Asker: 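What follows is a single structure, and I will ask about it in a moment.
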Amino acid sequence: MTTARRKSYGVKGAPYAFLLPATILFALFFALPIGYALWLSLHKVQVKGLGLGSGARKEVWAGLANYKDALSDSELLSGAVRVLGYGAIVIPVMLGLALLFALMLDTDRVRLAPFTRLAIFLPYAIPGVVAALLWGFLYLPDVSPFYFVLDRLGMPQPNLLDGGPLYLALSNIAVWGGTGFNMIVIYTSLQAIPAEVYEAARLDGATPLQIALKIKIPMVAPSLVLTFFFSIIATLQVFSEPTTLKPLTNSVSTTWSPLMKVYQDAFGKGDIYSAAAEAAIIAVVTLVLSFGFLRAANSRNKQEAAR
């Protein structure tokens with residue numbers, strides 16, 4: 001093989017050499033665990049007799065039995081309904097506040113914009129467990145300063161960790177922690193809009209409100225779609241907030257959300273096979289909802305572009 005041909009092969013193989021470490025890490029820590037979880041979901045443990053002694057417990061093929069049991073599990077379905085109610089509060093409030101803050105920061109009259117951006121974004125930097133603990137103690141009547149103030153003022157003291165208010169308490173934690181990230185995404189898109197567009201609108205007599213509604217929001221629509229996509233995934237996978245608040249109230253069960261049900265089956269009951277099937281179902285539902293939304297948004301954009 002000539003030197004020129006060797007150099008040619010070396011140049012062509014360079015991209016693959018750079019991709020090799022990432023490919024290995026992807027296979028070891030992403031592809032293989034998913035494959036193993038799917039393999040577990042298709043098996044179960046067969047117990048002979050009392051389950052004692054060597055060979056009394058044997059792993060056998062189960063087919064789709066674990067998936068059938070998961071889809072008929074009332075606890076998993078109830079958890080899914082609770083998460084849908086939770087998401088119906090979190091997603092519109094969080095994205096609405098993120099859009100409002102981004103539009104306010106994008107105005108010329110705003111003061112201390114860097115400090116304000118940091119203050120809004122800072123809650124996102126706090127770990128979810130820490131944030132849930134922080135708000136959890138603020139919700140407790142015995143230690144919360146808010147309840148002390150309400151008591152001094154003679155005002156009613158609602159129990160935010162029981163019944164319907166529990167959804168608001170959990171949603172507040174998610175909104176407080178996630179608004180800043182979504183705001184930064186939307187604000188970055190606003191900063192990319194050419195200033196000439198605003199100047200032309202002002203020359204045509206457009207007010208700041210009209211510029212925001214007719215120009216800014218439509219032009220950051222892709223960012224809104226992206227943040228909505230991320231929010232759907234995060235909502236369907238809610239775990240840390242209810243798990244952290246569980247020791248503080250009896251209203252949060254061990255299976256309050258689907259992921260908590262997976263955790264309880266895998267580590268509470270020791271049934272990793274059923275838990276793997278439930279995790280696979282949650283992953284499929286997440287993919288269908290998120291990519292279904294993306295496809296609908298893309299088709300709508302194409303229709304508007306065709307007009």
Side-chain angles (χ1 to χ4, degrees), residues 33-34 37 40-41 66-67 69-95 123-124 126-140 159-179 181-182 227-290 292-293:
I34 290 177
L40 287 175
S41 68
N66 290 328
Y67 290 93
D69 293 340
L71 292 174
S72 60
D73 192 328
S74 59
E75 289 186 342
L76 184 64
L77 296 178
S78 299
V81 172
R82 284 190 287 266
V83 166
L84 289 178
Y86 165 83
I89 300 173
V90 171
I91 294 178
V93 173
M94 181 170 60
L95 296 185
Y124 177 75
I126 299 176
V129 175
V130 177
L133 281 174
L134 170 66
W135 282 102
F137 283 104
L138 291 177
Y139 294 150
L140 285 176
N159 186 0
L160 297 178
L161 295 177
D162 187 26
L166 177 63
Y167 285 87
L168 299 177
L170 290 169
S171 301
N172 175 66
I173 300 173
V175 170
W176 181 78
T179 300
F181 170 80
N182 294 300
T227 54
F228 192 89
F229 174 75
F230 289 152
S231 300
I232 289 177
I233 297 176
T235 300
L236 294 176
Q237 297 180 351
V238 60
F239 178 80
S240 61
E241 291 86 354
T243 302
T244 306
L245 292 183
K246 184 185 177 303
L248 306 179
T249 175
N250 294 325
S251 298
V252 179
S253 64
T254 56
T255 58
W256 192 88
S257 71
L259 278 189
M260 292 177 67
K261 176 69 165 60
V262 173
Y263 182 87
Q264 176 65 18
D265 287 346
F267 302 104
K269 299 180 180 179
D271 187 1
I272 59 174
Y273 306 96
S274 297
E278 293 165 356
I281 292 173
I282 294 173
V284 170
V285 171
T286 303
L287 287 173
V288 170
L289 290 179
S290 56
F293 169 75

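Everything numeric in this text was worked out from a predicted model, so none of it was measured.
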Asker: Are the side chain of Ser240 and the backbone N or O of Gly128 linked by a donor-acceptor pair below 3.5 Å?
Answerer: no
Asker: Please confirm whether the backbone N or O of Leu161 pairs with a side-chain atom of Thr249, one donor and one acceptor, at under 3.5 Å?
Answerer: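 Checked: pair present.
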Asker: Going by atom types alone, do Asp69 and Tyr273 pair a side-chain donor with an acceptor below 3.5 Å?
Answerer: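 Side chains of Asp69 and Tyr273: no pair found under 3.5 Å.
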Asker: To check you understand the geometry: which heavy-atom pair defines the closest contact between Tyr67 and Ser41, and what is its length?
Answerer: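 Distance-wise, the nearest heavy atoms are OH-OG, 2.6 Å.
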Asker: Check whether any side-chain heavy atom of Leu166 sits under 4.5 Å from a side-chain heavy atom of Asp162, and report yes or no.
Answerer: no
Asker: Relative to each other, are the rings of Phe228 and Phe293 parallel, tilted or perpendicular (30° and 60° limits)?
Answerer: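 The arrangement is tilted - the two ring planes meet at 30° to 60°.
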Asker: Less than 4.5 Å apart, side chain to side chain, heavy atoms only: is that true for Ile282 and Val262?
Answerer: yes
Asker: Quick check: does any side chain N or O of Ser274 sit under 3.5 Å from a backbone N or O of Asp271, one acting as donor and the other as acceptor?
Answerer: no
Asker: CG/Leu138 to CG/Leu160 distance, rounded to the nearest 0.5 angstrom?
Answerer: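 So the CG of Leu138 and the CG of Leu160 are separated by 10.5 Å.
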Asker: For the atom pair CD1 (Ile233) and CG (Leu236), what is the distance rounded to the nearest 0.5 Å?
Answerer: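 Those atoms lie 8.5 Å apart.
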Asker: Less than 3.5 Å apart, any donor N or O on the side chain of Thr235 or Tyr86 sitting next to an acceptor on the other?
Answerer: no
Asker: Identify the heavy atoms of Trp256 and Ser251 that sit nearest to each other, and give their distance.
Answerer: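 What the structure gives for the nearest pair is CD1-O, 4.2 Å.
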Asker: Is any side-chain heavy atom of Tyr139 closer than 4.5 Å to one of Ile173?
Answerer: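 The answer is yes, as the side chains (C-beta and beyond) meet within the 4.5 Å cut-off.
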Asker: Could you pull out the closest heavy-atom pair between Ser231 and Met94, with the gap in Å?
Answerer: OG-CE, 3.4 Å
Asker: Using every non-hydrogen atom in the two residues, find where Leu76 and Ala70 come nearest and quote the distance to one decimal.
Answerer: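 Result for this residue pair: CD2-O, 3.4 Å.
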Asker: Among pairs that include at least one residue of residues 244-263, which meet salt bridge (charged side-chain N to carboxylate O under 4.0 Å, His left out), considering only residues two or more places apart or in two chains?
Answerer: Asp73-Lys261, Lys261-Asp265, Lys261-Glu278
Asker: Write down the atom of Val238, the atom of Leu259, and the distance for their closest heavy-atom approach.
Answerer: O-CB, 4.1 Å
Asker: Report the relative orientation of the aromatic rings in Trp135 and Trp176; use parallel for angles under 30°, tilted for 30 to 60°, perpendicular for over 60°.
Answerer: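 Perpendicular: the ring planes of Trp135 and Trp176 meet at over 60°.
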Asker: Measuring from Thr227:OG1 to Leu95:CG, what's the distance to the nearest 0.5 Å?
Answerer: 4.5 Å
Asker: For Phe181, enumerate each residue passing the ring pair (Phe, Tyr, Trp, His ring centres under 6.0 Å) test, keeping only those at least two apart in sequence or located in another chain.
Answerer: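 Phe181: ring pair (Phe, Tyr, Trp, His ring centres under 6.0 Å) contacts with Tyr124.
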